[in-house]
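Okay, structure first, notes after.
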Amino acid sequence: MTRWRVEGSGGSHEVVRLGRGEPIVLVPGLAGGWKLLVPLARRLANRHEVHLIGLSGDGALLPRCAGVGVADEANSLLAVIDRLGLERPGLVGVSFGGAVALEMAVEAPARFARLVLSGAEAQFGRRWAATLARRVLERFPIPGDSPFINQFFNVLHGGRPEPGPLPDFVVRRCWETDQGVMVDRLRALEAFDATDRLWRVDAPTLVLAGSKDVVVPPDRQEALARAIAPGRFAQIEGAGHLAFLSHRAEVARRIARHLDVSRRAVS
C-alpha cells in the first residue's frame, strides 16, 4: 500500500494505491473518507490495482471551502485521475461518492471502462434523515463519543448492528470527518440532479443496493439502473447502506464479476 497527495482542480486529495492488475478507482462516501473503504479495497486488490481517492476535506491540513458541490468534487477527481495516468479505469462510488462517480460518468463518459454505484440515485433531494442530520450537525457541536447521536449510525446498517468491531469502526471513522464538511456534503446532495443526463453514461453499469437500505431504498436504486442504458441492478440481501462493509465479500465478488464480464464483452 502506498499513500501520497495529488493535486486536483479543487485542491489536494489523498490517494492510496494497493494491489496489481487492471485499475479501479474507489470514491468514498459522505463521512469516513477512504479509510472506510479499505476493507473492501483489500478484497478487490487481490485481482486489481485499486486507487482510493479521498474527497476534498478528508484528512486535509487546510479546511475545506464551503459550497463545494458534487460537480466540483467530480472535476477535481478527474484532474487527479489524469495526474495518476489512469486510462479508462473501472469506477466505483458509494453513497455521496456514488453521486460524484455518477457525475464523472455523465460528464466524461469516455474516461471510464466500467461503473459501479452503491447507495446512490440520480436525484437525492431532501430526505427526512438527511435533513434531520444536517440540522443537528450544523447547529450543535457534537462530541464523537455521544451515544445518542451515534444511534444515527444504526440507520446506515439498516437496523441495530450486533455489538462488535464493525459498528465501532464505522463510528470511529465517520467522526474523523469534520461536522462542517458533512453538512456541506448533505447540502451538495440536496442540489444534485443527474436525471436528465443519464443517457450520457456509456460504461456498463452495475447498481448495488442493500435490501435494508433506508437511506437510499432499493427501489430508487433500481430505478437508477433502469434509467441507464447499459445498466443492471443487483440487491445484497440483509445489507443496509453500508453493504460495502457489512457484506464486503459479496460486494467484492459482484464488482469483480461485473468488471470481468464487461471486459469480456468489450474484447
Side-chain angles (χ1 to χ4, degrees), residues 24-48 50 52 90-102 114-122 124 127-130 133 150-174 177 185-186 189 204-228 231-261:
I24 307 175
V25 171
L26 264 59
V27 186
L30 184 138
W34 61 263
K35 294 179 182 178
L36 201 63
L37 284 175
V38 167
L40 174 64
R42 289 190 183 279
R43 289 185 175 272
L44 292 172
N46 291 327
R47 298 177 58 182
H48 296 273
V50 181
L52 289 160
L91 179 62
V92 180
V94 301
S95 190
F96 180 82
V100 175
L102 182 57
R114 291 162 290 279
L115 176 64
V116 179
L117 305 171
S118 180
E121 56 185 319
F124 284 76
R127 304 271 187 259
W128 67 268
N150 287 342
Q151 294 305 309
F152 282 105
F153 290 111
N154 291 344
V155 174
L156 301 178
H157 292 277
R160 178 184 286 274
E162 291 293 327
L166 178 59
D168 292 342
F169 173 74
V170 171
V171 170
R172 186 170 64 253
R173 290 299 178 220
C174 286
T177 301
R185 288 174 181 166
L186 287 169
L189 281 180
T205 301
L206 172 64
V207 179
L208 273 177
S211 65
K212 295 183 177 180
D213 192 340
V214 296
V215 179
V216 184
D219 60 335
R220 292 207 287 266
Q221 298 189 59
E222 187 174 11
L224 171 62
R226 288 198 306 267
I228 297 174
R232 65 186 186 89
F233 174 77
Q235 186 165 275
I236 309 296
E237 293 302 323
H241 196 64
L242 298 176
F244 62 90
L245 274 178
S246 62
H247 294 63
R248 55 184 174 272
E250 183 177 354
V251 169
R253 282 196 301 270
R254 288 180 180 269
I255 291 174
R257 188 181 308 138
H258 173 68
L259 300 181
D260 186 52
V261 170

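Everything numeric here is computed off the predicted structure, so don't read it as measured data.
- The closest donor-acceptor contact from the side chain of R114 to the backbone of G90 lies at 3.5 Å or more, if one exists at all.
- Among all heavy-atom pairs drawn from P28 and L37, the shortest one is CA-CD1, 3.5 Å.
- The shortest heavy-atom contact between L36 and V170 is CD1-CA, 4.2 Å.
- Looking only at distances, a side-chain donor or acceptor of H258 sits under 3.5 Å from a matching main-chain atom of P204.
- Of the possible polar contacts, one joining the T177 side chain to the G32 backbone as a donor-acceptor pair under 3.5 Å is found.
- R185 CZ to L30 CG: the interatomic distance, rounded to the nearest 0.5 Å, is 6.0 Å.
- Expressed to the nearest 0.5 Å, how far CD of E121 lies from CG of D219 amounts to 9.0 Å.
- Of all heavy-atom pairs spanning V216 and G119, the tightest one is CG2-O, 3.5 Å.
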(request) For S246 and L166, run side chain to side chain contact (heavy atoms under 4.5 Å, CB included): C-alpha distance rounded to whole Å, both residues' side-chain angles, the deciding distance at 0.1 Å, then the answer. (result) CA-CA 8 Å; S246 62; L166 178 59; 4.0 Å; yes

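- By the side chain to side chain contact (heavy atoms under 4.5 Å, CB included) test, A41 is found to be paired with L18, L26, V50, L52, residues two or more places apart in sequence or in another chain being considered.
- Contact detail for P39 and L245: the closest heavy-atom pair is CG-CD2, 3.7 Å.
- Side chain of N46 to backbone of R43: a donor-acceptor contact under 3.5 angstrom is found.
- Side-chain N or O atoms of S118 include one that pairs as donor or acceptor with a backbone N or O of L208 at under 3.5 Å.
- Applying the salt bridge (Lys or Arg N to Asp or Glu O under 4.0 Å) test to R248 and every residue at least two apart in sequence or in another chain returns nothing.
- Between S211 and G238, the shortest heavy-atom distance links the atoms OG-N, 2.7 Å.
- Listed by chain and residue number, E176 satisfy the salt bridge (Lys or Arg N to Asp or Glu O under 4.0 Å) test with R173 (two or more places apart in sequence, or in another chain).
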(message) If you apply the rule side chain to side chain contact (heavy atoms under 4.5 Å, CB included), what do you find for L91 with V116, and how did you get there?
(response) CA-CA 6 Å; L91 179 62; V116 179; over 6 Å; no

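- Contact between A120 and Q221 at its shortest, heavy atoms only, is O-CG, 3.4 Å.
- Expressed to the nearest 0.5 Å, how far CG of L44 lies from CZ of R253 amounts to 12.0 Å.
- With contacts defined as side-chain heavy-atom distances shorter than 4.5 Å, the pair L40/V251 qualifies.
- One finds the CG atom of L259 at 13.5 Å from the CZ atom of R254 (value rounded to the nearest 0.5 Å).
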(request) Begin with the C-alpha distance, continue with both residues' side-chain angles, and end with the deciding distance and a verdict on side chain to side chain contact (heavy atoms under 4.5 Å, CB included) for L117 and L102. (result) CA-CA 8 Å; L117 305 171; L102 182 57; 4.1 Å; yes

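- Taking CD from Q235 and CD from E222, the interatomic distance works out to 8.0 Å, rounded to the nearest 0.5 Å.
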(message) Using the rule given for side chain to side chain contact (heavy atoms under 4.5 Å, CB included), can you reason through R47 versus D260, listing the C-alpha separation, both sets of side-chain angles and the distance that settles it, and then say yes or no?
(response) CA-CA 10 Å; R47 298 177 58 182; D260 186 52; 4.3 Å; yes

